[in-house]
Amino acid sequence: MGRISWAEVPTTLRARVEQVLGGPVVAAASQASGWSPGSADRIRTATGERAFVKALSRGRNEDGFRMHRREARVMAAIPVGVQAPRLLAAFDEQHDGDDWAALVLDDVDGRHPTAADLPAVLDALDTLPVAPADLNGLPRVADELRDEFAAWDRMLADGLPDVLPPEVAAVATRFAETARGSGDRVDGDHLVHVDCRADNLIVDDAGTVWIVDWPWAAIGAHWLDPLTYLLDSLVRGDDVDVEHHLATHPVFAGLDPATADAVLAGLAGLFFEKAALPSPPNMPTIRAFQRSEGVAAAEWLLRRWAARAD
């Protein structure tokens, strides 16, 4: 099961969206990218108003429902200078005994970035500010990831899962040693998206990069989103020199090699541990994707180690 369509969103909730936009919806185009099992539709009203609407019920996916609510709080407080869609409305609705959460956002027309857009993406991420007072209630990314980045020690204690490639399993102890303390290394004072992948970025016709889907936003190190975007480029198979960008782009100023190694090790362990779990409700493909993230992070770190050994 994948996303639900606009037609599957409860009628009362659709009516509230139409009220916000000032007219009936006459066209809806579902967006296939992303992992949420809820709706994600670009809609147009009879008066020409456009918006992006996402909705999900608690019964369909409890975690996703909570994330929709959390994203609504984040979007309401994001500073104007951040290149993110404007939140037009957010509300809850009960239908047939189930709770629904919905967000109505400005529709950003464009495409997801390609390898050629990587410098522009890093430039956009470099504009994310020190977290303003309105966002002080966000979690610290170090607190969110500290336990997640300890995955290697748990996997070594419980038995390495089959999702690890043999060349990674062979040096799992080194990965564990490198990852220890990596959660504290991502602490900082900036607004951080925390889920920075190509499907959460849109490049408009003017070449401006927009950052969308903010449910995981937190406060942490300024370079974390750019680092995970470089990792996503490897997952997608883009022909990019990630080490060149790591060494030359201003957003990585102050990021020392040992910290980069530690965070890559932590990310690899996080993704491998999750990939070994059963799939969550209505999200059957996410574990394979998480394994690909773990493989990309581990292989990148193996290359870094090999380069220093030469």
Side-chain angles (χ1 to χ4, degrees), residues 67 70-71 74 78-79 81-84 113 118-132 135-152 175 178-201 209-236 240 242-274 290 293-294 296-298 300-301 304:
M67 287 298 100
R70 176 169 162 175
E71 183 177 11
V74 171
I78 283 183
V82 175
Q83 204 66 31
L118 197 153
V121 170
L122 296 181
D123 289 345
L125 295 174
D126 200 12
T127 67
L128 292 185
V130 170
L135 291 172
N136 281 344
L138 287 180
R140 302 200 70 84
V141 72
D143 294 336
E144 297 275 286
L145 292 180
R146 192 174 289 113
D147 183 64
E148 302 264 30
F149 279 3
W152 285 107
F175 274 96
T178 304
R180 286 185 193 125
S182 55
D184 291 327
R185 291 177 181 261
V186 299
D187 200 15
D189 59 2
H190 277 68
L191 174 65
V192 185
H193 183 275
V194 192
D195 195 20
C196 197
R197 305 188 311 267
D199 59 314
N200 287 334
L201 298 163
V209 176
W210 294 77
I211 309 167
V212 303
D213 290 335
W214 288 82
W216 298 102
I219 299 173
H222 188 44
W223 46 260
L224 181 59
D225 285 333
L227 182 69
T228 57
Y229 186 75
L230 291 182
L231 176 59
D232 183 59
S233 296
L234 295 176
V235 172
R236 298 194 312 275
V240 296
V242 291
E243 288 296 332
H244 169 75
H245 292 288
L246 198 62
T248 61
H249 197 281
V251 76
F252 296 114
L255 174 60
D256 62 274
T259 294
D261 286 359
V263 173
L264 287 174
L267 287 167
L270 177 160
F271 285 120
F272 282 135
E273 186 176 50
K274 290 186 181 302
Q290 288 168 333
E293 293 265 18
W300 185 3
L301 185 50
R304 288 170 63 84

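Below, all heavy atoms of this structure are taken into account, side chains as well, without hydrogens, waters or symmetry copies. Note that this is a predicted model, so its numbers are computed, not measured.
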Would the number of heavy atoms belonging to other residues, nucleotides or ligands and lying under 6.0 Å from CH2 of Trp300 be above 12?
-> yes
Search all heavy atoms of Phe252 against all heavy atoms of His245 and return the closest pair with its distance.
-> CD1-O, 3.3 Å
For the pair Arg146 (side chain) and Gly181 (backbone), establish whether a donor and an acceptor sit closer than 3.5 Å, ignoring hydrogens and angles.
-> no
Reported CG-to-CG distance for the pair Leu264 and Leu231, which is rounded to 0.5 angstrom = 7.0 Å
Sub-3.5 Å donor-acceptor pair from the side chain of Glu71 to the main-chain atoms of Trp214, do we have one?
-> yes
Verdict with supporting geometry, His190 and Asp225, side-chain contact (heavy atoms from CB on, under 4.5 Å) | CA-CA 11 Å; His190 277 68; Asp225 285 333; over 6 Å; no
Shortest non-hydrogen contact from Pro215 to Arg70?
-> O-NE, 2.8 Å
What distance do Phe272 atom CZ and Glu293 atom CD have between them, rounded to the nearest 0.5 Å?
-> 10.5 Å
Got a second to check how far Glu273's CD is from Glu148's CD, nearest 0.5 Å?
-> 7.5 Å
Which atom pair, heavy atoms only, marks the closest approach of Arg185 to Ala258?
-> NH1-C, 3.8 Å
Verify the distance criterion only: is there a donor paired with an acceptor across the side chains of His222 and Asp189 at less than 3.5 Å?
-> no
Are any non-hydrogen side-chain atoms of Leu230 and Leu234 less than 4.5 angstrom apart?
-> no
Which residue, Leu125, Leu255, Asp187, Val186, forms the side chain to side chain contact (heavy atoms under 4.5 Å, CB included) with Leu224?
-> Val186
Given Val251 and Tyr229, is the side-chain contact (heavy atoms from CB on, under 4.5 Å) satisfied, shown in steps?
-> CA-CA 12 Å; Val251 76; Tyr229 186 75; over 6 Å; no
Of all heavy-atom pairs linking Leu138 and Ala217, the shortest is CD2-O, 3.8 Å
Parallel under 30°, tilted from 30 to 60°, perpendicular over 60°: which one fits the rings of Phe175 and Trp152?
-> parallel
Residue set satisfying salt bridge (charged side-chain N to carboxylate O under 4.0 Å, His left out) with Arg304, at least two apart, ordered chain then number -> Glu243, Asp261
Mind listing the closest non-hydrogen atom pair of Ser182 and Ala262 along with its distance?
-> CB-O, 3.3 Å
Apply the test side-chain hydrogen bond (donor to acceptor under 3.5 Å, both in side chains) to residues His193 and Asp213: give CA-CA distance (whole Å), side-chain angles for both, the deciding distance (0.1 Å), then the verdict.
-> CA-CA 8 Å; His193 183 275; Asp213 290 335; over 6 Å; no
Show your working on side-chain contact (heavy atoms from CB on, under 4.5 Å) between Asp123 and Thr127 and close with a plain yes or no.
-> CA-CA 7 Å; Asp123 289 345; Thr127 67; over 6 Å; no
Determine, stepwise, if the pair Val82 / Leu128 fulfils side-chain contact (heavy atoms from CB on, under 4.5 Å).
-> CA-CA 6 Å; Val82 175; Leu128 292 185; 3.8 Å; yes
State, yes or no, whether a side-chain contact exists between Val235 and Phe271 at a heavy-atom distance under 4.5 Å.
-> no
Value rounded to 0.5 Å, distance of CG in Asp232 from CZ in Arg236 = 4.5 Å
For Cys196 and Leu201, work out which heavy atoms get closest and say how close.
-> SG-CD1, 4.2 Å
